[in-house]
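Protein chains get the first letters and strands the later ones, always in sequence-line order, with residue 1 at the start of each. Hydrogens, waters and symmetry mates play no part in the numbers below; they use all other heavy atoms, side chains included.
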Protein chains: 2
Amino acid sequence: METDRAEDGLEQTLRRDLAAGRLATTGRLPSERRMVEIYSTTRITLREALLHMEIDGLIFRENRRGWYATGPRMVYNPLQRSNFHVMAADQGRRAETELIEALSAPAPATVCRLMECPDGTEFWRVRRRRRIDGRLVLFVEHYLSKAVFPDILEFDLNRSLTGIYLEHYGIDYGSAYFEITPIALRGLPAAELRCADGAYGLKITRINHDQRGRIIDCDLEYWRHDAISVRIEATD
Amino acid sequence: METDRAEDGLEQTLRRDLAAGRLATTGRLPSERRMVEIYSTTRITLREALLHMEIDGLIFRENRRGWYATGPRMVYNPLQRSNFHVMAADQGRRAETELIEALSAPAPATVCRLMECPDGTEFWRVRRRRRIDGRLVLFVEHYLSKAVFPDILEFDLNRSLTGIYLEHYGIDYGSAYFEITPIALRGLPAAELRCADGAYGLKITRINHDQRGRIIDCDLEYWRHDAISVRIEATD
DNA sequence: CAGGTCGTCTGGTCTAGACCAAGGAGGCAA
DNA sequence: TTGCCTCCTTGGTCTAGACCAGACGACCTG
């Protein structure tokens, strides 16, 4: 694994070794201390190089668990009707959804404003996280209208919400409002995605309307920054 | 400026001091070495804290020039007809555009694929950078169809391209295709934006069609990650 | 067999320096 | 006035350690 070349720094060496498959065999990199030995460097220097590669989306870490090689980005088209699992399957990826909790709770003020309702209004709050090819990439907080979906907790919320909306309520998406912001992941989203507090992420806020223009739900999506590329086809 | 509290770390202290205006008076923070003195810490520790705050979008750096406090994010609606300056003005911000170069050049293969033309096709390549309230936030590379805009180099390219399209060619935007990807800024975009190589950024690729569906140009936009929030209103 | 304890693994934070390279201002010369 | 050169300042990279805290598996106990 010793591919050090005097001309360029540790980071370039690491990149080459990663690209050549010399660094990660199963997707997981050796521990930092092990890499320090391998490359005869210090942890500070090594971590700085790893951090740069993380920004580039080459590698990522799970909080206090280790470093891993990143797979290709998922192409995410938020305007597309089809659900997460179908979208992943179309790209030859395996998607998994895991329900964290589903209960009635007041929406935060920012959400209420977007959903045009009084502060403190109660919604069904559904929290889920999603994997692509086994990797945790997305934490979502859904706020569903209790009026539109009175008994939605009865259904299997590990499934696609879109599917449940359509099958059980005859509701399909109409127009939508999006907001895409690069942020630092903190608190619950960071914990659920198993990333360090303050890791780079992408927040996608989404307000969905049904065919009649009614606001039916709001999603707060927290993505690992290196997991997606957003594509939008806009006709006008 | 000594607001150190034993209970929590340097980073929290810095955040408090920044929020209270104790850290930056004119937008610029003291030099790293000065802050090391002020907070009785080491550069490694200080830089780690600053890097975290940078991810959060609280501060940013200009390569080898220093650290600065960030202004509010600009809301960017890529579907909106209006140009950059109007958009900024609507939000009470001052926008500036600076032409870097404008010449004929073959488009890179990735762009040719998106523009549905053979590899190596020549376009007008216009490079510009833009400031909001004086801060460099965007580097754009435009590839304009030479067939559609035969003599566009005659015009003042510090102005809005949209304006020139409309006034001189009677061309207005029709549908568009977007791609939004978090990336690391490197090479020319990084240099022009005066950020360190490998800084976190947002790349927005955009293919524009005119009202008749012709592909008229392609923009490669490189944004500083903390400068914008993308909003999209999608009716269907 | 379930639940808790504990050691050991991991990354996360920190000290205390060093040298390198680009930015920028000021002075000097053509 | 213009352009170059030098010097100081700035962030960028690096060495060599230390201790902290969460993750996790093994083991022990009830």
Qualifying residue for side chain to side chain contact (heavy atoms under 4.5 Å, CB included) with V36(A), from I44(A), T42(A), T45(A), L46(A): L46(A)
Quiz item: R64(B) side-chain donor-acceptor pair to dA21(C) base, under 3.5 Å: yes
Value in whole Å for how far the C1' atom of dG11(D) lies from NE2 of H52(A): 12 Å
Nearest listed nucleotide, side chain of R33(B), among dG11(C), dT10(D), dT13(D): dT10(D)
Whole angstrom value for the distance that separates P of dC14(D) from CG of L50(A): 12 Å
Among R206(A), R127(A), K203(A), salt bridge (Lys or Arg N to Asp or Glu O under 4.0 Å) partner for E141(A): R127(A)
Phosphate OP1/OP2 of dG12(D): any R47(B) side-chain N/O under 4.0 Å: yes
Nucleotide dC14(D), atom P - distance to CD1 of I44(A) in whole Å: 12 Å
Under 4.0 angstrom between S31(B) side-chain N/O and dT10(D) OP1 or OP2: yes
Parallel, tilted or perpendicular: ring planes of W223(B) versus Y76(B), cut at 30 and 60 degrees: tilted
Whole-Å gap separating C1' (dG11(D)) and CZ (R28(B)): 10 Å
Distance in angstrom units between D197(B) CG and dA22(C) P, rounded: 12 Å
Short side-chain N/O contact from N63(B) to OP1 or OP2 of dG23(C), under 4.0 Å: no
Pairwise side-chain contact, M35(B) with L50(B), heavy-atom cut-off 4.5 Å (strictly under): yes
Atom-pair distance (CE on M35(A); P on dT10(C)), nearest Å: 10 Å
Nearest-nucleotide 5' precedence on DNA chain D, E48(A) against R65(A): E48(A)
E101(B) and R125(B) ion-paired at < 4.0 Å: yes
Interatomic distance, Y39(B) OH vs dT13(C) P [rounded to whole Å]: 19 Å
Euclidean distance, atom CG of residue L46(A) to atom P of dC14(D) [Å, nearest integer]: 11 Å
Check: dA16(D) base within 3.5 Å donor-acceptor of R43(A) side chain: no
Any T45(B) side-chain nitrogen or oxygen under 4.0 Å from OP1 or OP2 of dT13(C): no
Side chain of T42(A) (C-beta onward), nearest among dG12(D), dA16(D), dT13(D): dA16(D)
